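Below is one structure, written out as structure tokens; comments come after it.
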Amino acid sequence: MRPPRVGLSLFWRTFFLLSLLLIGSIVAWLQTFRALEFEPRAVQTAQQIASLVNLSRAALVHSDSIARVSLIKTLADQEGVRILPREPNDRFATFSPGELDSRVMDELLTRLGPGTIVAASVNKEPGLWVGFHIDADRYWMLLDRARITSVGGRTWLIWLITAAGLSLAGAALIARLINRPLKQLSFAASRVRDGDFDASRLDEKAVTSEIREVNIGFNRMAQQLAKIEQDRAVMLAGISHDLRTPLARLRLETEMSVADPDAREHMAADIDQLDAIIDKFLDYARPEHAELKPVLLNDVIEACLYAVQDHTDMKINLDIAKGLYVMADEVELARVISNLLENARRYGKTPETGMAVVDISAKTRNEWVLLKVRDHGMGVAPEALPNLIKPFFRGDAARTAATGAGLGLAIVDKTVQRMGGIFALANTASGGLAAHIKLQRARLPTPEPQSEPKAEATF
């Protein structure tokens with residue numbers, strides 16, 4: 001089994017790419033600076049120190065003993081350079097790695113020749129000590145360490161960390177500015193998908209011209225879709241309304257002019273079926289808005305069961321806890337349950353008995369209420385399940401013994417979405433089709449008792 005792919009949001013992908021670009025730029029800048037600035041500075045520092053040592057040595061060589069003492073005193077007073085005789089028992093310590101750049105050390109040894117000593121302290125006195133010799137005499141030159149310009153160290157590290165931090169913050173800001181319009185577009189597209197055209201409007205005064213053009217085009221598209229949806233609803237409602245009048249006349253003429261009782265009964269049944277199909281069209285063309293409030297699920301289901309209690313070809317098993325409230329529109333929720341019951345009665349009959357056995361159960365899970373309505377019929381083909389909620393789709397022959405418009409489950413799915421819920425269909429392991437409805441659980445000011453006996457009934 002292949003491991004699941006780790007997905008990154010567009011924000012983090014943009015952020016990481018910008019971060020890599022900026023960090024790479026900092027590293028390239030640092031390497032360039034080292035090549036163009038660090039090494040020349042180290043060579044220049046070493047040249048200055050070597051020149052000072054060579055000049056001092058030349059001055060000492062060409063001066064007598066009296067002038068030499070005066071020269072050493074002048075160098076110490078005016079230049080801060082001390083010339084000391086080097087004794088055989090002097091103890092000195094060299095520079096540790098990192099204290100003095102290796103490039104400076106190599107340049108000093110090259111310019112001053114072999115036998116040159118560069119020490120960090122002599123006889124525990126710190127400084128920049130350079131050991132040289134004049135003929136057979138050996139001397140120390142003590143310089144202030146400030147003469148060595150540091151080419152690295154903590155200061156550069158602090159600046160690099162600061163630059164990297166500012167670069168990452170800038171990358172996050174840029175990624176956020178780039179991805180914000182896409183996030184808004186994604187949200188607006190989801191609102192259009194759910195039919196909420198008013199909440200899908202984007203800013204048409206955005207500063208960026210490309211984003212402004214995209215937002216304007218999306219808003220015009222959403223307006224056209226809203227108009228098409230409105231025209232469709234008006235057309236369906238108008239057609240359904242206009243068909244009611246001739247159907248009423250047909251019913252009246254059938255009752256008055258058809259002498260054969262069987263023919264009259266069949267014609268009346270056909271008219272009733274057409275009238276039921278018109279009701280489906282009206283339900284499907286119903287406006288999208290639904291006002292949600294706490295609804296007692298038990299009362300709604302009992303009202304729906306009362307309407308079908310006279311059907312002899314239907315048996316209902318009820319298993320719902322009392323006091324179960326959901327956020328819904330009571331009329332819409334009743335229409336959903338009625339459609340599911342009618343669908344189960346028509347298409348979910350057990351082949352052996354010819355009776356539709358329907359199980360209705362509900363339970364709570366966190367902030368949701370899970371309602372399940374299942375029959376014990378033959379079920380549907382797995383590939384046909386996703387199409388059952390499409391308008392005017394008719395299932396296979398096993399579930400289409402009765403006639404209809406193919407709008408019942410489409411109305412249920414559309415209505416449940418209007419109430420902020422989720423609707424799904426699935427075949428059960430033991431046979432039959434199960435409708436799953438997920439609705440928001442309502443929180444009432446006065447809490448219901450924690451443990452209530454379940455209402456189990458058979459109709």
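Keep in mind the model is a prediction, meaning the values are calculated, not measured. Start at 1 with the first residue, then count along the sequence. Computation of the quantities below employed the complete heavy-atom set of this structure, encompassing side-chain atoms and omitting hydrogens, waters and symmetry-equivalent molecules.
- In this structure F218 satisfies the ring pair (Phe, Tyr, Trp, His ring centres under 6.0 Å) test with no other residue, sequence neighbours excluded.
- Nearest heavy-atom pair, S361 versus L371, reported as atom, atom and distance to 0.1 Å: O-CD1, 3.4 Å.
- Nearest approach of S19 to L168, heavy atoms of both residues: OG-CD2, 3.3 Å.
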Test side-chain contact (heavy atoms from CB on, under 4.5 Å) applied to V412 and N343, step by step: CA-CA 11 Å; V412 171; N343 187 79; over 6 Å; no
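- Side chains of I320 and L318 form a contact here, defined as non-hydrogen atoms less than 4.5 Å apart.
- Using modelled atom types, one finds no donor on one side chain facing an acceptor on the other under 3.5 Å when comparing Q223 with N219.
- With a 4.5 Å cut-off on side-chain heavy atoms, Q309 and L305 do not count as touching.
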So V300 and V326, side-chain contact (heavy atoms from CB on, under 4.5 Å) or not? Walk me through it. CA-CA 11 Å; V300 176; V326 295; over 6 Å; no
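- Using a 4.5 Å heavy-atom threshold, the side chains of V380 and L385 count as touching.
- Of the possible donor and acceptor atoms, none in the side chain of R91 sits under 3.5 Å from a partner among the backbone N and O of S121.
- There is no side-chain donor-acceptor pair under 3.5 Å between N215 and D203.
- Annotation: side chain of V118 is not in contact with side chain of I49 (no heavy-atom distance under 4.5 Å).
- In this structure, L166 CG and L173 CG are separated by 12.0 Å, a value rounded to the nearest 0.5 Å.
- Annotation: R220, atom CZ; neighbour count of heavy atoms from other residues, nucleotides and ligands within 6.0 Å is above 12.
- Residue-environment remark: CD (E330) stays at or below the threshold of 12 foreign heavy atoms within 6.0 Å.
- Partners of R201 by salt bridge (charged side-chain N to carboxylate O under 4.0 Å, His left out), not counting sequence neighbours, listed by chain and number: E204.
- Here the options are T415, L439, D413, the test is side-chain contact (heavy atoms from CB on, under 4.5 Å), and the partner is F423; only D413 passes.
- Side-chain contact between N317 and V358 is absent, with no heavy-atom pair separated by less than 4.5 Å.
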Worked check of side-chain contact (heavy atoms from CB on, under 4.5 Å) between L297 and L333: CA-CA 9 Å; L297 183 61; L333 182 57; 3.9 Å; yes
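- Within the 4.5 Å cutoff, the side chain of I316 has heavy atoms near those of the V308 side chain.
- If you run side-chain contact (heavy atoms from CB on, under 4.5 Å) between I301 and each of L296, I360, V373, only I360 comes through.
- How far NZ of K414 is from CD of E332: 10.0 Å, rounded to the nearest 0.5 Å.
- Contact between N298 and G323 at its shortest, heavy atoms only, is OD1-N, 3.5 Å.
- Residues L370 and H436 fail the side-chain proximity criterion, which asks for heavy atoms closer than 4.5 Å.
- Checking each of K315, H376, K372 against D359 for a side-chain hydrogen bond (donor to acceptor under 3.5 Å, both in side chains) leaves exactly one that passes, namely H376.
- Residue pairs meeting the salt bridge (Lys or Arg N to Asp or Glu O under 4.0 Å) criterion with at least one partner in residues 348-358, sequence neighbours excluded, are D313-K349.
- Taking the side chain to side chain donor-acceptor pair (under 3.5 Å) definition, one finds that T364 meets it with nothing, sequence neighbours left out.
- Taking all atoms of both residues into account, the shortest heavy-atom contact from L340 to A435 is CD2-CB, 3.9 Å.
- Separation of atoms CD1 (I174) and CG (L21) is listed at 9.5 Å; rounding is to 0.5 Å.
- The two residues A321 and L324 make their nearest non-hydrogen contact at O-CB, 3.8 Å.
- Residues satisfying the side-chain contact (heavy atoms from CB on, under 4.5 Å) criterion with A222, sequence neighbours excluded, are V192, S200.
- Atoms CG and OG1, on D375 and T428 in that order, are 7.5 Å from each other to the nearest 0.5 Å.
- Applying the salt bridge (charged side-chain N to carboxylate O under 4.0 Å, His left out) criterion to R180, with sequence neighbours excluded, gives no partner residue.
- In plain terms, the two heavy atoms of P386 and P382 that are nearest each other are CD-O, 3.7 Å.
- The distance from atom CG of N366 to atom CZ of R441, rounded to the nearest 0.5 Å, is 9.5 Å.
- Between the CZ atom in R418 and the CG atom in D329 there is a gap of 8.5 Å [rounded to 0.5 Å].
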side-chain contact (heavy atoms from CB on, under 4.5 Å) for E210 and V214? Distances and angles first, verdict last. CA-CA 6 Å; E210 292 82 2; V214 170; 5.6 Å; no
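- In this structure, L341 and C304 have side chains that are in contact, with non-hydrogen atoms separated by less than 4.5 Å.
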